[in-house]
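This report refers to the structure that appears directly beneath it.
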Amino acid sequence: MTKLERKIARAFNAPKAFYTANGTSALYLCFLHAKNLGKRKVALPSIICPQVACAALKAGLKIYFCEPNFKDYNSDFKAIKALYKKEKFDILLVAHLYGHLCDERIFDFAKTHQILLIEDSAQTYKVNPKSDFSVLSFGHTKFLANEGRGGGIVSFCHKLKAFKTLNKELPLIPTHLNALFEEYRQRYYSLNPLDKDYLKTLKNLLLEYCFIFKDKKKNKILESKLSKLSQICKQRKEKARLYAKLLSPPLIKKPTTRKGSVAWRYTFRITKGRDEFLQALRAKNIDCSSWYMNNEKIFDAHISPKSARLEREIVNLWCDESINKKQIKENIKTIQAIISSSNF
C-alpha cells in the first residue's frame, strides 16, 4: 500500500485499502471484479445516486432494484429477501443512505446465501467488516471532501491486488475534468422533465458522464483531512441533533436511525407539498435538495409504490462545514414559519 492507502486503512480501521480516482471508479472496479468472478446480477437500492447503476451497467451487469423502508430510507430487508427469492441475484450493494447505517441483518443474509456484498460507504464515516468490499468516496459534499477527488476500496477478507490490475486499464483522469463537470451540469439542467423522452435522455446523459478514471496524482488534502474524521463526525452529529430537536411535526416525518449513524445531510420526509416547500426554502436562500430520483424510473424498471412515494417526500438540509449551528437555528425558525403560514 502507498502512504495514503495506509492512512485510509487506518482511518477506517481496515487492514487493506486501495485508492481510486473517485467513488464511481471504485464502484466500477468492484462490479468489474465481481463479473470476473462469474457474477452477473446485482441488486441496488432504488433511491441512490444514479451513478451507482451506471457503474454497474458499464461493468456489464444486469441490475435490479430494492425498494426502501420509510424509517431510515435504506433498502428494506424484507424487500431484499423477496427480490432474492425471485431473481437470485449474486451481488448485493448496500448503502448507508444519507449517513443512516443500514440493517445489520442484510450483511448476515448475504453471507448465508453466498452473495457478494459491496458496501457503499460514500455517505458515511465507517465500513462494516462483514462486507466483501467497501467503497469510499472523498468527492464533493462527502465527509472527507477535497476538491472533488478521490475514492477507495477497503476489505477485511479479500486481497486487493485484482483492483490494482483492473485500475491500470482505466483511462487517466483528464486535465479538463472540471470543464466536463460543468458541461454535464449545463446539459442536465437544460433537460425538460415534461418532454416525452426525458427519462431516456437523462439515462443516456448519466451514462455518458459516468466518470471512471485512474488518478496518479498525490492527494495531499485528503492525507491531512483523514486525521480530522472524528472531529468532522462530531460536528455533523451536533448539527443533526439541532435539526432533530427543533424541527416539528406533523408534516415533517423524521428518520429513525441506528446507533452510530452520522448524518451526511439531515434528511426527513415531508408528506404534503414537498416541491412547494423546497421552493419556499430556496426563496429564503436555505440550501436544500430532494436527492435522489427513483432509479427505477431512470433505468426502465418496475416502479415500486414505496420508491415512488419516498422520491416525492424526501428533503435534505445541509449539516457539513458550509453551515454553522447558528445558521441552522436561524434556518429552522424560517422553516417553521414557512410551514405554519402555508397551506402545505
Side-chain angles (χ1 to χ4, degrees), residues 1-45 48 52 55-56 59-61 64 66 74-75 77 80-81 83-84 88-97 99-138 143-144 150-170 226 229 258-261:
M1 291 189 290
T2 65
K3 178 183 177 182
L4 175 57
E5 288 168 343
R6 287 194 295 271
K7 286 189 174 184
I8 292 171
R10 189 158 54 246
F12 289 89
N13 298 311
K16 300 177 284 290
F18 179 65
Y19 179 71
T20 63
N22 54 31
T24 305
S25 298
L27 284 166
Y28 173 77
L29 291 173
C30 285
F31 290 142
L32 194 59
H33 178 61
K35 186 180 179 184
N36 289 345
L37 293 175
K39 312 291 186 181
R40 293 293 181 269
K41 299 179 177 181
V42 60
L44 310 170
I48 197 169
V52 176
L61 299 177
Y64 301 88
C66 299
N74 286 311
S75 293
F77 180 52
I80 288 174
K81 291 195 295 182
L83 183 63
Y84 178 74
K88 291 294 187 291
F89 55 81
D90 44 17
I91 311 165
L92 175 61
L93 182 130
V94 296
H96 307 293
L97 206 58
H100 305 163
L101 298 180
C102 68
D103 194 330
E104 190 75 17
R105 292 176 297 174
I106 297 172
F107 296 88
D108 297 328
F109 177 82
K111 291 297 181 186
T112 298
H113 294 277
Q114 298 182 315
I115 301 166
L116 185 79
L117 195 143
I118 301 171
E119 178 187 26
D120 185 341
S121 291
Q123 292 182 351
T124 188
Y125 69 102
K126 64 186 298 184
V127 297
N128 192 314
K130 294 181 181 179
S131 305
D132 287 288
F133 303 105
S134 300
V135 170
L136 309 172
S137 175
F138 310 122
F143 278 58
L144 295 167
I153 302 168
V154 302
S155 180
F156 291 80
C157 52
H158 298 288
K159 295 180 179 180
L160 302 179
K161 184 178 179 181
F163 295 110
K164 295 182 180 181
T165 302
L166 292 172
N167 191 64
K168 289 178 181 178
E169 302 302 315
L170 299 183
L226 279 163
L229 182 57
R258 289 176 174 80
K259 184 179 179 180
S261 294

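Heads up: numbering here begins at 1 and tracks the sequence. Computation of the quantities below employed the complete heavy-atom set of this structure, encompassing side-chain atoms and omitting hydrogens, waters and symmetry-equivalent molecules. These numbers were taken from a predicted model, which means no experiment stands behind them.
- Annotation for A11 and L229: closest pair O-CD2, 4.1 Å, computed over non-hydrogen atoms.
- Counting heavy atoms from C-beta outward, Y28 and L170 have side chains that approach closer than 4.5 Å.
- Here the NZ atom belonging to K41 is positioned 14.0 Å from the CG atom belonging to L92, to the nearest 0.5 angstrom.
- Taken to the nearest 0.5 Å, the CG atom of L83 stands 8.0 Å off from the OH atom of Y64.
- Between A59 and L32, the shortest heavy-atom distance links the atoms CB-N, 3.8 Å.
- The shortest distance between side-chain heavy atoms of I8 and M1 does not fall below 4.5 Å.
- Considering only heavy atoms from C-beta on, R10 stays 4.5 Å or farther from L226 through its side chain.
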Could you go step by step and tell me if L101 and K259 meet the side-chain contact (heavy atoms from CB on, under 4.5 Å) rule?
CA-CA 8 Å; L101 298 180; K259 184 179 179 180; over 6 Å; no
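- From F143, atom CZ reaches atom CG of L136 across 12.0 Å, with rounding to the nearest 0.5 Å.
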Check the pair F31, I118 against side-chain contact (heavy atoms from CB on, under 4.5 Å), reporting the backbone distance first and the verdict last.
CA-CA 9 Å; F31 290 142; I118 301 171; 3.8 Å; yes
What's the verdict on side-chain contact (heavy atoms from CB on, under 4.5 Å) for L61 and K35, showing C-alpha distance, side-chain angles and the deciding distance?
CA-CA 7 Å; L61 299 177; K35 186 180 179 184; 4.0 Å; yes
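- Ring geometry for F89 against Y84 counts as perpendicular: the plane angle is over 60°, on a 0 to 90° scale with 30° as the lower cut.
- Heavy atoms only, all atoms of each residue included: V127 and S121 are closest at CG1-OG, 3.7 Å.
- The CD1 atom of I153 sits 13.0 Å away from atom NZ of K16, with the distance rounded to the nearest 0.5 Å.
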Could you please spell out the steps behind the side-chain contact (heavy atoms from CB on, under 4.5 Å) verdict for V94 and N74?
CA-CA 8 Å; V94 296; N74 286 311; over 6 Å; no
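- At least one side-chain heavy atom of L93 sits under 4.5 Å from a side-chain heavy atom of I48.
- A pairwise comparison of heavy atoms in C66 and A43 identifies SG-CB, 4.0 Å as the closest pair.
- For the pair G38 and D90, the tightest heavy-atom approach, listed with the atom from each and the gap, is O-OD2, 4.2 Å.
- Looking at heavy atoms from C-beta onward, P45 lies out of side-chain contact with L97 at the 4.5 angstrom threshold.
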Pair up each side-chain donor or acceptor in residues 156-168 with any protein partner under 3.5 Å, not counting sequence neighbours, and list the distances.
| unit_1 | atom_1 | unit_2 | atom_2 | d |
| --- | --- | --- | --- | --- |
| H158 | NE2 | D132 | OD1 | 2.7 |

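- With respect to the salt-bridge test (charged N to carboxylate O, under 4.0 angstrom), the residues K130 and E119 do not qualify.
- Of all heavy-atom pairs spanning S155 and P15, the tightest one is O-CG, 3.4 Å.
- For the atom pair L29 CG and T20 OG1, the distance stands at 7.0 Å (nearest 0.5 Å).
- Considering only residues two or more places apart in sequence or on other chains, K39 meets the salt bridge (charged side-chain N to carboxylate O under 4.0 Å, His left out) condition with none of them.
- The structure places CD1 of I80 at 8.0 Å from CZ of F109, a figure rounded to the nearest 0.5 Å.
- Using a 4.5 Å heavy-atom threshold, the side chains of L144 and Y125 count as separate.
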